[in-house]
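Everything below concerns the one structure shown next.
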Amino acid sequence: MIDLKYLQSHFDEASQKLQKKGVETQTLKKLQTLFVTLKQANQALETLKAEQNSMSRLFGQYKREGKDVTKLKAKVDTNKEAMVPLQEQAREAEAALQEVALGIPNFPDDSVPEGAGEEENVEIRRVLEPREFEFEPLEHWALAEKNGWIDFERGVKLAKSRFSVLRGEAARLERALINFFLDSNATKGFIEQSVPFMSNAAMLQGTGQLPKFEEDLFKIEEENLYLIPTAEVPLTNLYHDEILTAEALPLLMTAYTPCFRKEAGSAGRDTRGMIRQHQFNKVEMVAITHPDQSDAVFEMMVENASDILTALGLPHRVVELCGGDLGFSAARTIDLEVWLPGQNKYREISSISNTRDFQARRAKIRFKDGKKNRLVHTLNGSALAVGRTIVAIMENYQNEDGSIEIPEVLKRYM
RNA sequence: GGACAGUUGGGUGAGUUGGCUGAAACCACACCCCUGCUAAGGGUGCGUGCUCGAAAGGGUACCGAGAGUUCGAAUCUCUCACUGUCCGCCA
């Protein structure tokens with residue numbers, strides 16, 4: 001959630017920032033009006049409540065002293081009547097405010113480039129030269145078929161479309177990658193966690209998936225739980241509604257989890273292969289930091305993910321997302337795109353975001369700064385998406401006969 | 001799934017004839033005093049949000065959540081959620 005006090009005191013500035021993310025000024029005006037209405041109603045209401053409380057205290061005193069209370073009772077009753085409409089007004093404003101405020105995305109950092117969508121993202125650097133092939137490199141699904149690595153049909157049979165089964169060496173490669181990623185993250189100080197793969201609604205609101213993106217989530221109706229779309233949800237919310245000590249920061253966490261996404265808006269995109277599945281494995285990094293630390297930690301997370309790709313010998317590029325491509329909660333995001341020779345393009349394999357205090361405000365994650373409680377910064381990023389790494393290894397390490405080499409660093413894991 | 005019990009501040013835990021309890025006491029924590037000691041003792045402070053205020057401080061809300069009764073509710077009523085124990089089932 002954005003800082004509503006800041007919105008009120010710097011409306012034009014705030015509105016301008018959110019234009020980068022496509023938020024209309026009108027929506028913000030509405031939000032501001034609701035905020036002011038709520039404040040005024042609350043103030044008026046609290047004055048009346050104060051009177052009510054002091055009269056009630058008097059009431060008790062009169063009773064004890066055996067005094068007559070009929071006049072006081074009349075006064076109290078009148079006061080009570082006066083509170084009713086204000087109470088209603090405050091309640092409505094509060095509800096309306098919540099509804100609008102929870103749907104407003106985070107402010108992008110000032111450094112975020114302008115742009116409407118993906119095409120306007122800014123490439124920062126490339127790491128590793130893509131290999132020259134003396135033959136036409138195949139796409140991963142063709143290689144999967146040749147090697148018997150992925151059974152798409154039976155995945156569909158077991159569940160539905162966009163599910164698949166890994167077999168034999170591919171399954172072992174997946175397991176090896178998960179371990180390799182977790183170990184690599186551990187060397188950078190990320191503490192491994194094993195977390196629930198389901199989450200309740202309050203946590204999902206904390207990290208920003210709810211209420212706006214419910215259609216992207218798999219829900220267990222009878223239980224009122226959701227399958228997590230990313231480990232960012234459980235990891236960040238580990239400290240939901242907590243006040244941390246400043247010394248505890250930064251908290252660095254990593255976890256392997258499957259991720260479940262409905263891909264509601266992606267019908268027709270990447271239908272072939274396992275680039276876009278309803279269930280995929282991912283190792284995630286999450287950091288909870290002091291506001292002064294978050295930029296440095298962000299850089300470290302980008303480096304870490306990039307280093308892992310380098311260790312695997314996978315060419316990739318580092319891309320700064322423009323305002324229009326930025327996610328709901330992110331103030332800033334850097335994507336790592338891995339080179340896929342079969343597809344002849346770079347594809348996202350990691351996304352690292354600094355949400356600043358946006359999630360912290362929603363999830364009430366604070367720390368003691370002297371006597372004051374302040375919001376932490378939260379960051380998250382993949383290191384890495386497992387399925388897409390398998391795809392990248394298949395395409396980059398393929399031989400002319402269709403066989404696939406295993407990257408050197410993974411050999412001890414298999 | 002069945003039966004019973006419970007849900008209070010960082011922790012333990014009082015408070016259930018409605019007001020003087022936002023909440024005793026103890027522990028933990030912070031600061032201070034005393035003390036030639038890797039101890040003990042004493043003092044003070046110590047929940048969160050919103051709000052008014054330069055600050056000191058004040059107002060308001062919160063004792064699992066929501067609604068209700070009442071001049072007034074942690075304390076009474078209702079609904080829901082969660083936790084524990086026993087039984088059943090089970091990796």
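Side-chain atoms are counted along with the backbone in the values below, which use heavy atoms only and exclude waters and symmetry mates. The chains referred to below are lettered A, B, ... by the order of the sequence lines, with proteins before strands, and numbering in each begins at 1.
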For RNA chain B, whose closest nucleotide is more 5', that of A:Ala50 or that of A:Arg91? A:Ala50
Note: for A:Ser54 and A:Lys5 on RNA chain B, the residue whose nearest nucleotide lies more 5' is A:Lys5
So what's [N] paired with, Watson-Crick or G-U wobble, going by both distances under 3.5 Å?
{"N": "B:G47", "result": "B:C62"}
{"N": "B:A23", "result": "none"}
{"N": "B:A81", "result": "B:U7"}
{"N": "B:A14", "result": "none"}
{"N": "B:A28", "result": "none"}
{"N": "B:C37", "result": "none"}
{"N": "B:C76", "result": "B:G68"}
{"N": "B:G1", "result": "B:C87"}

Centroid-to-centroid, A:Tyr6 to A:Phe107, below 6.0 Å? yes
What integer distance in Å separates [X]:[atom1] from [N]:[atom2]?
{"X": "A:Met55", "N": "B:U70", "atom1": "CE", "atom2": "P", "result": "17 Å"}
{"X": "A:His240", "N": "B:G49", "atom1": "NE2", "atom2": "C1'", "result": "14 Å"}
{"X": "A:Glu81", "N": "B:U70", "atom1": "CD", "atom2": "P", "result": "13 Å"}
{"X": "A:Ile243", "N": "B:C29", "atom1": "CD1", "atom2": "C1'", "result": "14 Å"}
{"X": "A:Leu244", "N": "B:C29", "atom1": "CG", "atom2": "P", "result": "19 Å"}
{"X": "A:Lys39", "N": "B:C52", "atom1": "NZ", "atom2": "P", "result": "5 Å"}
{"X": "A:Gln8", "N": "B:C50", "atom1": "CD", "atom2": "P", "result": "14 Å"}
{"X": "A:Glu46", "N": "B:C50", "atom1": "CD", "atom2": "C1'", "result": "7 Å"}

Can you check the distance between [N] and [M], where both ends of the measurement are the [atom1] atom (answer in whole Å)?
{"N": "B:G10", "M": "B:G18", "atom1": "C1'", "answer": "30 Å"}
{"N": "B:C34", "M": "B:A25", "atom1": "C1'", "answer": "25 Å"}
{"N": "B:A28", "M": "B:C37", "atom1": "C1'", "answer": "23 Å"}
{"N": "B:C63", "M": "B:A23", "atom1": "C1'", "answer": "8 Å"}
{"N": "B:G11", "M": "B:C80", "atom1": "C1'", "answer": "28 Å"}
{"N": "B:U48", "M": "B:G9", "atom1": "P", "answer": "13 Å"}
{"N": "B:A73", "M": "B:C78", "atom1": "C1'", "answer": "15 Å"}
{"N": "B:A14", "M": "B:C31", "atom1": "P", "answer": "31 Å"}

Output yes when at least one side-chain N/O atom of [X] is less than 4.0 Å from OP1 or OP2 of [N], else no.
{"X": "A:Asn53", "N": "B:G59", "result": "no"}
{"X": "A:Lys49", "N": "B:U60", "result": "no"}
{"X": "A:Lys368", "N": "B:A30", "result": "no"}
{"X": "A:Gln43", "N": "B:C52", "result": "yes"}
{"X": "A:Asn373", "N": "B:G49", "result": "yes"}

Under 4.0 angstrom, heavy atoms only, what part of the nucleic acid is A:Asn79 near: base, sugar-phosphate, or nothing? nothing
Validation row: A:Asn380, A:Met285 side chains within 4.5 angstrom (heavy atoms): no
Answer yes or no: is there a donor N or O on one side and an acceptor on the other, between the side chain of A:His140 and the main chain of A:Gly342, under 3.5 Å? no
Check: A:Ser54 side chain, A:Glu51 main-chain N or O, donor-acceptor pair, under 3.5 Å: yes
A:Ala201: what forms a side chain to side chain contact (heavy atoms under 4.5 Å, CB included) with it, not counting sequence neighbours? A:Leu210, A:Tyr226
Among the nucleotides [options], which one has an atom lying closest to any side-chain atom of [X]?
{"X": "A:Ser56", "options": "B:U60, B:A67, B:C71", "answer": "B:C71"}
{"X": "A:Arg366", "options": "B:C71, B:U51, B:U48", "answer": "B:U48"}
{"X": "A:Gln52", "options": "B:C71, B:U60, B:U48", "answer": "B:C71"}

Quiz question: by atom type and distance under 3.5 Å, do the side chains of A:Thr355 and A:His377 form a donor-acceptor pair? no
Which pair of non-hydrogen atoms, one from A:Gln193 and one from A:Ala255, has the smallest distance, and what is that distance? O-CB, 3.2 Å
Electrostatic pair A:Arg261:A:Glu263 at N-O distance under 4.0 angstrom: no
